[in-house]
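These numbers come from the heavy atoms of this one structure, side chains and all, not from hydrogens, waters or symmetry mates. Remember, predicted model here, so these are calculated numbers, not experimental data. By convention here, the first residue in the shown sequence is residue 1.
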Amino acid sequence: MNAEKTTKLSVETVEKPMKIKLSLILAVALAACGICHAAGTDAAKSKAAPAEGMKAVTNAPSEEIAAVIEFNSDTTLPQAVQTLARSAGINIQFDPALINQVKPDGTPMPPPVVNAVRWENITAKQALNALLENYNWRMVQDVSTGISRVTRKDTNSEPMVTTVVQLNYASPTNIAAAVTNTLSKTSRIIPDHRTSQIIVLTQEKELEGLIALIKKLDRATRQVLIEAKIIETTRNPRSVKGVNWTDTLSAQNVTFGNGITTGTVNSLQTTGSGTGAGSTTTPNAGHVLSGGGGGLSGGLTNVTSLVTQVGNGGLSLNTARGFSPATAFLNADGVHAVMSFLNSDSDTKNLALPRTVALDGVPTELSVVRNVPIFEQEQSQAAGSGSPLATAKPNYEKKVGNTIINEVGIKLNVVPRIVGMTNVMMSVAPEISVKEPQLETQVLGGFPNSAPVFSRRKITTDAVVPSGYTLVLGGLDNDNTANVSTKVPILGDIPGLGFLFRSSDKQRAKQNLLIFVTPTIVDDSDYQQTPSDFLKTRFAPMPEKDESAWDSAKPYDWTKPNNPDEPVRSPKAN
């Protein structure tokens with residue numbers, strides 16, 4: 001034999017009466033692709049009985065079980081296919097486009113080489129099908145001639161199968177999104193939310209692996225118990241002592257100029273013409289005095305006039321009277337002093353204990369808040385020639401970016417994620433917000449505009465905490481101290497008596513905030529069933545109560561003593 005390379009096919013069969021083990025070596029030449037049979041051909045064609053541990057075989061040569069089928073590493077794929085086809089008794093021919101492939105430069109492309117293969121207890125037909133499937137080849141038999149054509153497998157021609165997979169835990173949409181990228185172009189997956197199922201349309205070869213993938217993804221989501229404790233303490237001590245002369249000596253307004261000093265008085269005055277000597281004005285009077293001899297005519301008029309007045313917290317010195325001409329006056333605001341001798345202290349403690357169970361990886365928000373309305377003015381369209389109407393409407397969700405600024409209170413946003421078996425990674429974002437008592441005022445367009453002020457304290461962090469342990473967050477503390485002192489120069493330095501001319505105001509505002517977050521992984525054994533017979537109990541209507549004539553608004557029917565509406569006559573009705 002002049003073959004350069006050979007393909008070794010070792011076939012071992014067992015005869016039932018003799019239990020003789022034979023070896024068949026087939027040599028295949030590259031040029032002629034011929035097959036040389038070694039000794040033992042008659043034994044290979046004879047009846048083969050299954051040896052101990054082998055499958056049963058039929059009388060056909062293609063169904064004989066070969067104990068060992070082995071290919072060398074230098075065997076080409078067409079050689080191996082032709083060898084197995086002849087051993088299985090199958091007539092084949094190759095697609096010219098399959099074996100006559102060329103490279104981009106026009107040179108012939110060598111056929112693929114089979115890796116070293118060794119199969120045991122398998123028929124030649126089974127080995128042929130496995131080899132073709134591994135290299136994406138297939139055999140198509142011509143019914144009229146009985147010759148099978150070996151060609152490349154077309155994935156689009158594979159038969160499609162449809163099946164329905166029931167989900168137990170996962171959402172159909174999530175499963176469909178996760179699995180779609182693993183399917184071929186012709187496969188589809190359709191979620192059904194009503195029944196929590198997915199419809200799978202795919203090739204038969206992909207179905208088994210796809211269902212296995214879906215079962216792995218359809219797992220129960222683990223849960224985490226989130227317990228939080230938010231403690232906020234506030235203390236405001238204040239000590240005010242002494243006499244404060246600020247209003248008198250810090251902003252005393254003294255004016256000197258030409259005019260009339262402050263003060264008012266009401267009087268009644270006649271109007272019109274009189275026939276007597278003249279009219280008379282009576283201050284703070286309810287009547288008019290007659291004058292001269294002719295009497296008065298006309299009406300009465302209430303007149304408010306400015307006069308010199310001392311009092312009402314002010315000091316007024318008239319410098320106009322007694323001078324000719326009247327040229328000046330002197331005004332002052334008066335004397336004001338505040339005496340204080342008091343200590344005050346306020347201590348406030350706020351405690352919030354939110355608690356919830358969250359799914360693994362699902363954001364959870366715990367909040368105790370109140371919404372402070374912000375009034376916004378809207379201009380409505382004017383009707384006719386009238387001016388537009390302004391309407392003020394409260395806004396309870398005033399957003400700046402993604403934050404509702406007028407929502408004040410305590411918020412805790414947590415995203416738990418189980419890491420490993422006993423650890424929980426948390427994205428924690430606590431927030432404390434309050435509305436300040438003072439307003440922010442700005443002048444826009446010549447008009448003052450006021451708006452509320454909101455203060456916020458917030459922490460955003462990621463941390464890994466073992467299950468059942470507590471994460472402590474702090475640092476959101478404020479401690480403001482203010483000392484204000486006043487003193488009248490020289491007078492405030494007099495020993496003993498100087499206390500009446502100086503004052504001190506000491507204030508402190510201290511806020512402490514501590515946040516404790518405890519994650520605990522929840523197992524199925526942590527849940528306990530509550531015994532209840534609610535579903536086993538039939539609904540019982542409320543019994544009707546018989547009302548007597550004394551308690552009923554309906555008139556008593558005297559013609560029917562045994563009225564079913566009132567089976568027993570009340571003694572009070574008689």
Side-chain angles (χ1 to χ4, degrees), residues 232 234-236 238 240 244-257 259 262 264 304 306 312-314 331-334 336 338 340 344 346 348 350 365 367-413 429-460 475-486 503 505-511 513:
E232 183 180 19
T234 303
R235 186 185 178 190
N236 297 320
R238 184 178 182 183
V240 183
N244 192 340
W245 293 85
T246 302
D247 292 340
T248 299
L249 302 178
S250 176
Q252 185 67 245
N253 296 321
V254 178
T255 61
F256 183 83
T262 59
T264 61
T304 301
L306 297 175
N312 295 332
N331 286 346
D333 290 342
H336 298 273
V338 179
S340 303
S344 63
S346 63
T348 306
N350 296 327
E365 179 178 343
S367 61
V368 181
V369 298
R370 67 185 184 95
N371 289 74
V372 179
I374 297 178
F375 291 90
E376 298 178 346
Q377 189 174 8
E378 295 182 358
Q379 295 288 342
S380 59
Q381 188 176 1
S385 60
S387 59
L389 301 177
T391 304
K393 294 183 178 180
N395 188 349
Y396 290 93
E397 293 185 353
K398 183 66 175 179
K399 285 189 175 182
V400 176
N402 296 326
T403 303
I404 302 178
I405 61 172
N406 59 332
E407 191 175 58
V408 298
I410 299 175
K411 290 183 180 180
L412 179 61
N413 295 318
E431 179 181 338
I432 310 297
S433 57
V434 295
K435 177 182 176 297
E436 298 294 342
Q438 69 274 10
L439 297 177
E440 180 71 17
T441 303
Q442 296 182 3
V443 178
L444 300 177
F447 297 95
N449 296 272
S450 300
V453 178
F454 301 94
S455 62
R456 298 180 180 276
R457 288 175 290 169
K458 185 176 181 180
I459 295 179
T460 301
L476 299 179
D477 301 337
N478 291 330
D479 193 352
N480 298 325
T481 303
N483 295 326
V484 180
S485 300
T486 64
S503 66
D505 188 353
K506 300 179 181 179
Q507 301 182 36
R508 184 181 183 184
K510 184 178 181 181
Q511 293 179 335
L513 179 63

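For the atom pair L513 CG and I459 CD1, the distance stands at 7.0 Å (nearest 0.5 Å). Separation of atoms OG1 (T234) and CG (N350) is listed at 6.5 Å; rounding is to 0.5 Å. Between the NZ atom in K411 and the CD1 atom in I404 there is a gap of 5.5 Å [rounded to 0.5 Å]. Distance check, rounded to the nearest 0.5 Å: CZ of F454 to CD of E440 gives 12.5 Å.
Closest of all the heavy-atom pairs between N413 and E365 is OD1-CG, 2.9 Å. Among all heavy-atom pairs drawn from V240 and S340, the shortest one is CG1-CB, 3.3 Å. Nearest heavy-atom pair, P452 versus I374, reported as atom, atom and distance to 0.1 Å: CG-CG1, 4.3 Å. Among all heavy-atom pairs drawn from T441 and S450, the shortest one is OG1-OG, 3.0 Å.
When the shell of 6.0 Å around CZ of R457 is examined, it contains more than 12 heavy atoms from other residues, nucleotides or ligands.
Under the side chain to side chain donor-acceptor pair (under 3.5 Å) criterion, T348 pairs with no residue, sequence neighbours left out. For S485, the side chain to side chain contact (heavy atoms under 4.5 Å, CB included) partners at least two apart in sequence or on another chain are S504. Scanning for salt bridge (Lys or Arg N to Asp or Glu O under 4.0 Å) contacts around D505 gives R238, with sequence neighbours left out. Applying the side chain to side chain donor-acceptor pair (under 3.5 Å) test to N402 and every residue at least two apart in sequence or in another chain returns nothing.
Residue pairs meeting the salt bridge (Lys or Arg N to Asp or Glu O under 4.0 Å) criterion with at least one partner in residues 443-456, sequence neighbours excluded, are E431-R456. Applying the salt bridge (Lys or Arg N to Asp or Glu O under 4.0 Å) definition to pairs two or more places apart or across chains, those involving residues 391-405 are E376-K398, E378-K393.
Using a cutoff of 4.0 Å between basic side-chain nitrogens and carboxylate oxygens, D477 and K510 are not scored as salt-bridged.
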request  = Starting from the C-alpha separation in whole Å, work towards a yes-or-no answer on side-chain contact (heavy atoms from CB on, under 4.5 Å) for T481 and R508.
outcome  = CA-CA 4 Å; T481 303; R508 184 181 183 184; 3.8 Å; yes

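Between the side chain of N371 and the backbone N or O of Y396 there is at least one donor-acceptor pair closer than 3.5 Å.
For the side-chain contact (heavy atoms from CB on, under 4.5 Å) criterion with S433, the lone passing option out of N406, V369, V408, I405 is V408.
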